[in-house]
Amino acid sequence: MLTKLKHIGEDSIRFSSISDLLAPLPGLSLSSNGMANAFKGKIGLQSYNTVDGVLQLFDYDVPNEVVLTKDNLEEAHWMVIVVEGQIDFMVGDRTYVISRGCSAVFKAKDYQIKLLGSKVKYLLYNLEGLIERAELCLDEFSLGGYRLTNEMQVKVADILFAPKSIPRPTEWLSNQLQQLLLGLMEKCREAKESPYCSDRMLGIALAAEKLIIEQYLDNVNIYQRAKELGTNENTLKKAFRHHFGIGMAKLRNQLRVEEAKKLLIYTNMTVRDVAFKSGFESEGAMVKNFSYVTNMKPKEFRKKYKL
């Protein structure tokens with residue numbers, strides 16, 4: 001057994017070692033390799049050695065929305081980087097919506113993971129060893145979600161497509177992760193200098209997020225949303241992106257895609273009808289957003305997951 005995740009209301013998920021079935025990342029020092037059959041799909045987990053601990057690569061392929069809890073022995077700083085799909089990390093009363101190309105740093109002992117169905121892949125790393133070795137101070141680091149810069153995305157790609165021969169793979173991987181964390185810390189410093197970092201701007205962003213989640217099927221434009229919240233379009237857009245690392249329209253469309261997934265799995269509605277039922281203005285708009293989030297067209301998704 002490699003690790004354990006607990007599904008809400010169900011027993012723990014246990015990973016069986018199947019190193020001969022999951023191809024490891026080339027060049028890196030593999031610690032463990034396993035898979036679990038769960039939720040009518042599969043969950044893969046690979047762990048790679050670093051100087052400061054292990055980097056975990058989770059690979060989910062499940063059709064339905066699933067909420068998992070992770071129980072750790074002690075509180076720690078964590079860095080998560082999504083490389084495919086979208087995932088929600090729920091820490092206390094805070095939710096980090098992290099999509100492809102985004103990262104989050106948070107501090108917690110226990111947290112929940114919400115899978116929105118289909119394919120999701122992300123890297124997870126306990127930062128405590130790195131923080132101690134590199135003598136980093138995270139006291140002023142604003143924990144939360146960040147969009148990776150192009151330079152940081154290159155670092156992530158280097159990890160996922162590492163050279164087949166690396167002289168000291170554990171040291172190399174530790175250095176890549178350290179550079180990623182330093183990049184996030186720099187983004188944090190820049191964000192703190194932003195006029196959108198105030199408690200008022202956070203309140204506007206959180207209120208907007210709540211409204212989007214409640215009304216994602218409605219066609220409410222940014223002007224109407226800003227007026228409802230007592231601000232202007234420019235302030236609302238920048239405050240929302242500053243605190244969530246994602247645009248309002250993108251979040252709304254991601255929620256619509258999740259609604260479309262359920263309709264594709266549980267009904268026999270046509271793709272066109274699914275598009276309008278899930279809030280999209282046209283079938284083409286749904287196909288474009290659906291393909292971006294899931295890397296599959298709606299018909300392919302239905303063929304794979306239809307009950």
Side-chain angles (χ1 to χ4, degrees), residues 65 82 85-90 93-104 114 116-118 142-150 153 187-264 269-294 297-298:
E65 183 178 294
V82 174
Q86 177 187 315
I87 192 168
D88 293 357
F89 267 75
M90 295 170 282
D93 58 357
R94 185 74 185 272
T95 297
Y96 304 103
V97 180
I98 316 169
S99 57
R100 182 175 60 187
C102 294
S103 176
K114 184 178 181 181
L116 302 177
S118 72
S142 295
L143 306 183
Y146 297 89
R147 179 161 294 278
L148 300 179
T149 63
N150 290 336
Q153 292 195 48
K187 288 206 72 174
C188 172
R189 281 191 287 269
E190 294 173 357
K192 283 195 169 183
E193 297 174 358
S194 168
Y196 301 98
C197 192
S198 68
D199 290 341
R200 177 176 174 270
M201 292 296 107
L202 174 60
I204 290 174
L206 290 172
E209 181 197 33
K210 183 175 183 293
L211 289 174
I212 292 171
I213 292 173
E214 292 174 349
Q215 305 169 6
Y216 67 89
L217 295 176
D218 301 332
N219 288 314
V220 181
N221 61 39
I222 185 70
Y223 172 78
Q224 293 169 310
R225 191 73 72 196
K227 186 176 180 180
E228 187 176 1
L229 295 172
T231 185
N232 60 65
E233 297 176 56
N234 186 57
T235 297
L236 176 56
K237 287 192 292 187
K238 290 186 176 180
F240 193 91
R241 184 173 289 278
H242 174 84
H243 288 284
F244 293 106
I246 187 175
M248 295 171 63
K250 187 172 183 180
L251 174 59
R252 180 202 63 195
N253 288 335
Q254 287 175 347
L255 293 169
R256 289 177 174 179
V257 167
E258 300 315 314
E259 181 67 20
K261 288 180 186 177
K262 297 174 185 177
L263 295 174
L264 290 167
M269 296 171 63
T270 66
V271 173
R272 183 177 183 276
D273 288 342
V274 167
F276 291 114
K277 187 71 173 178
S278 54
F280 290 101
E281 296 181 353
S282 68
E283 180 178 342
M286 188 192 84
V287 172
K288 179 181 178 181
N289 283 279
F290 198 97
S291 300
Y292 177 81
V293 172
T294 68
K297 292 182 178 179

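Sequence positions, counted from 1, serve as the residue numbers for this chain.
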*asked:* Could you report the tightest heavy-atom contact between Ile246 and Phe240, atom names first, then the distance?
replied: O-CD2, 3.2 Å

_Atom of Ala207, atom of Leu229 and distance for their closest heavy-atom approach_ = CB-CD2, 3.7 Å

_To the closest 0.5 Å, what do you measure between CG (Leu236) and CD (Glu228)?_
10.5 Å

*Could you check if a side-chain atom of Phe290 sits within less than 4.5 angstrom of a side-chain atom of Lys261, using non-hydrogen atoms only?*
yes

*Would Gln215 and Arg225 satisfy side-chain contact (heavy atoms from CB on, under 4.5 Å), going step by step from the backbone distance to the final call?*
CA-CA 11 Å; Gln215 305 169 6; Arg225 191 73 72 196; 2.9 Å; yes

*Donor-acceptor contact below 3.5 Å, side chain Asp218 vs main chain Val220*: no

*Could you go step by step and tell me if Tyr216 and Glu259 meet the side-chain hydrogen bond (donor to acceptor under 3.5 Å, both in side chains) rule?*
CA-CA 10 Å; Tyr216 67 89; Glu259 181 67 20; 3.0 Å; yes

*Which pair of non-hydrogen atoms, one from Leu148 and one from Ser103, has the smallest distance, and what is that distance?*
CD2-CB, 3.7 Å

*Out of curiosity, Phe280 CZ to Arg272 CZ, how far, rounded to the nearest 0.5 Å?*
15.0 Å

*asked:* Donor-acceptor check, side chain of Ser278 to backbone of Ala275, threshold 3.5 angstrom: yes or no?
replied: yes

_Measuring from atom CG of Asn253 to atom CE of Met286, what distance do you get when rounded to the nearest 0.5 angstrom?_
12.0 Å

*asked:* To the nearest 0.5 Å, what is the distance between CD on Glu209 and CD on Glu214?
replied: 10.5 Å

*asked:* Measuring only between side-chain heavy atoms, which start at C-beta, is Glu258 closer than 4.5 Å to Val293?
replied: yes

_Within 6.0 angstrom of Asn150 CG, more than 12 heavy atoms from elsewhere_ = no

*asked:* To check you understand the geometry: which heavy-atom pair defines the closest contact between Leu263 and Met269, and what is its length?
replied: CD2-SD, 4.2 Å

_For Glu281, is the CD atom crowded, meaning more than 12 foreign heavy atoms sit under 6.0 Å from it?_
no

_Which heavy atom of Val271 sits nearest to which heavy atom of Pro298, and what is that distance?_
CG1-CB, 4.1 Å

*Run the numbers on Glu233 and Lys237 for salt bridge (Lys or Arg N to Asp or Glu O under 4.0 Å), then give the verdict.*
CA-CA 6 Å; Glu233 297 176 56; Lys237 287 192 292 187; 5.3 Å; no

*Between Gln224 (side chain) and Asn221 (backbone), is there a donor-acceptor pair under 3.5 Å?*
yes

_4.5 Å side-chain heavy-atom contact, Asn289 and Arg256_ = no

*Are more than 12 heavy atoms from other residues, nucleotides or ligands located less than 6.0 Å from atom CZ of Phe276?*
yes

*Find the distance between NZ (Lys238) and OG1 (Thr231) and round it off to the nearest 0.5 Å.*
12.0 Å

_For the student: nearest non-hydrogen atoms of Lys114 and Ile87, plus distance_ = O-CG1, 3.6 Å

